[in-house]
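Here the structure is laid out as structure tokens; the discussion comes afterwards.
The structure presented is a predicted model; accordingly, all values stated were derived computationally and were not measured.
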Amino acid sequence: MSSLLSVNNLSKAFGAVRVADDLCFDIAEGEAVGILGPNGAGKTSLFNLITGALKSDSGTIYYRQADITKHSAQKRCRNGIARSFQIPQPFNGMTVFENCLVAATQAGGMSGSKAEQFVVEVLDDTGLLDKSNIKSGSLTLLDRKRLEMSRALATKPSLLLLDEIAGGLTEAECGELIDSIKRVRASGTTIIWIEHVIHALMAVVERLIVIDFGRMIAEGDPETTIKSDAVKEIYLGVDGGEAA
Amino acid sequence: MLVVLFLVAAPWWAGRAELRLLGEIYLYLSLACLWNLMAGYAGMVSVGQQAYVGFGGYMLFALTMFVGLPPIAAIGVSAVLAAALAVPIASLIFRLNGAYFAIGTWVIAEVFRLTFAQVNALGGGSGTSLPVSIVKSLASSRSGRESLSYFLAIGAMILVFVSIYFFLRSKRGLALTAIRDNETAASGLGVNIWRTKLEVYVVTAALTAAIGGLIFLQKLRISPDAAFSVNDWTAFVIFIVVIGGIGTLEGPIIGTILFFLLRETLADYGSAYLMILGLVAILVMIKAPRGVWGWIAQKYDIELLPMRYRVQLDK
């Protein structure tokens, strides 16, 4: 199993708050991994470290066997690491189509009609095509989340990082989202997904990593991990032994 | 298109005063377009563009007087020199953000002004005139000279406008607009923010210097206070762009027309003219914060110059 991403002894602290504490894990090519943890556990910070929005204090990140720890965010993105933001960050003055075109032409390295055709395909897949010409500032929450994903997909990523993309959606909307994530997965894209909506996460991922206070406290098969004592303890605030 | 042809032919139908005014309008429109590209699209609010206007003007004088270059070549060379100078300046002021950036650019412009005021060969603080022999080298007759400087002005304006249009339509223009809307997301999508801004800053500096050269080729006289005037080359330009509609291609055109209408009708009222300008600026900001063109475009959903990418959904 070749590993696409390899995180080694990664640490980051803001003053006394440790958002990443000696994290080590590997993500295999084509894998779908879920990340779980209470608020403030360091999940989004981990994404920021992987995408290069944050610089780590120590530790290394390898992507395709190359050390990318010192690479800038835009370089990592051009190499195929894309992310969606937990709080949607659209380019408000631009249309949905233009938003994705930025991704396709910058990180995706495409140009002209090839880029435009590709964006149309992505938007068709994520269900935003009929809203292509609307300014992204006037979209609803679901559409903003879809735009976050469309934009990440328009970079033609090898590794897609999704940050709480199902939060705040209705059941039906969530179902649609799971379907499109499954399609992305089927096309061979590796996915790391942070999510509080457990059933959505369980429907897609094949491995779960649980983080608390920047440390990895559990890892493994989703069904067994979610039932582990460590997870019960941080989520239910009870001693795992008693609850079982 | 027809309007442009009609204007190009102006030397054959307009009088001397009109020609001079039109030339001035074109040069102001060019400055406004360039400032709009920097502030409206790249988000770099500079109040120091007079640095490059003055630099271009002084370089025209220096290169023709001491190096013996013909004026038009001197303007080309001064644009290249301005670009070369803009790179180290950018590396300095790009460390600043927002208001600090604005003040930084102003400080740089003041440094330029004080530096040129020290150069005795260029007349020091009181300035100098372009020697008659150089003026004569442009064209032997006065009317020939006036039409030449008119053609240069309209040519420069068309060059500036068309290059900005194609730049914004390109991949880079798209990246630039993305930076304006959200820097974090733009860098997360592979946009090289620093390089994109640097490109805009340097190209704007070069073109602004060329316009500066043309302005002082028209005036034939230069002094540090006129060349590096924050009022003439930045405050009025900002007024034009803000009134017309910042971040739109059409805005500077509308703004320039409005500015010159106000200036020509109110010129006789002295300082009341500046007060009315201020009043107009306040009114527009309250009633149409996105400028006159922004207001029209929003109300009628039109674009004279289509910048957007649209998807044909029925396809």
Side-chain angles (χ1 to χ4, degrees), chain A residues 47-48 51-53 72-85 87-112 115-116 119-120 123-124 128-137 147-148 151-152 154-157 161, chain B residues 36-37 39-43 94 166-199 245-251 289-291 293-294 297-299 301-303 306-315:
Chain A
F47 271 14
N48 286 338
T51 57
S72 66
Q74 54 103 0
K75 190 165 179 186
R76 295 185 201 196
C77 183
R78 281 167 195 253
N79 286 332
I81 302 179
R83 61 104 47 100
S84 76
F85 287 93
I87 298 158
Q89 311 246 353
F91 304 127
N92 283 326
M94 302 165 89
T95 66
V96 168
F97 184 72
E98 287 170 326
N99 263 270
C100 298
L101 204 56
V102 172
T105 54
Q106 294 296 318
M110 289 171 271
S111 55
E116 289 170 27
V119 169
V120 169
L123 289 173
D124 194 21
L128 267 182
L129 191 59
D130 56 335
K131 298 197 173 86
S132 296
N133 296 329
I134 294 179
K135 281 217 176 157
S136 58
L147 178 59
E148 278 295 323
R151 218 165 48 170
T155 66
K156 272 207 171 161
L161 310 176
Chain B
N36 182 38
L37 177 69
Y41 285 94
F94 277 17
F166 282 105
F167 177 77
L168 289 177
R169 282 286 299 182
S170 74
K171 268 162 77 163
R172 286 166 181 201
L174 207 56
L176 192 64
T177 322
I179 293 174
R180 179 195 65 186
D181 283 356
N182 192 327
E183 263 192 37
T184 320
S187 84
L189 288 173
V191 177
N192 189 332
I193 292 180
W194 206 85
R195 205 192 61 202
T196 310
K197 280 191 170 179
L198 181 71
E199 282 169 2
I246 192 167
T248 65
L249 213 52
E250 297 88 344
R290 293 169 64 202
W293 182 258
Q298 199 176 23
K299 190 157 185 190
D301 192 29
I302 45 166
E303 269 180 307
M307 285 301 300
R308 308 213 148 270
Y309 294 83
R310 283 199 183 272
V311 186
Q312 246 68 55
L313 290 174
D314 45 52
K315 168 167 86 168

Q: Mind checking side-chain hydrogen bond (donor to acceptor under 3.5 Å, both in side chains) for B:D181 and listing every partner two or more places apart, or none if nothing turns up?
A: none
**Q.** Counterpart residues, salt bridge (Lys or Arg N to Asp or Glu O under 4.0 Å), relative to B:E199 (two or more places apart)
**A.** B:R172, B:R195
With a 4.5 angstrom heavy-atom cut-off, which part of [X] approaches chain B: side chain, backbone, both or neither?
X: A:P157; value: neither
X: A:T51; value: neither
X: A:R151; value: both

Q) With no hydrogens and no angle check, is any side-chain donor or acceptor of B:R180 less than 3.5 Å from a backbone partner on B:Y41? A) no
(Q) Set out, in order, the CA-CA distance, both residues' side-chain angles and the distance that settles side-chain contact (heavy atoms from CB on, under 4.5 Å) for A:N48 and A:R83, then state yes or no. (A) CA-CA 9 Å; A:N48 286 338; A:R83 61 104 47 100; 3.0 Å; yes
Q.
Assess the residue pair A:M94 and B:L174 against the criterion (side-chain contact (heavy atoms from CB on, under 4.5 Å)); give the C-alpha distance rounded to whole Å, side-chain angles, the decisive distance to 0.1 Å, and a yes or no.
A. CA-CA 9 Å; A:M94 302 165 89; B:L174 207 56; 3.7 Å; yes
Q: Against chain A, work out which of B:A178, B:A185, B:S187 has the most heavy-atom pairs shorter than 4.5 Å and name it.
A: B:A178
Q. What residue in B:I179, B:T177, B:N182 has the most heavy-atom pairs under 4.5 Å with chain A?
A. B:N182
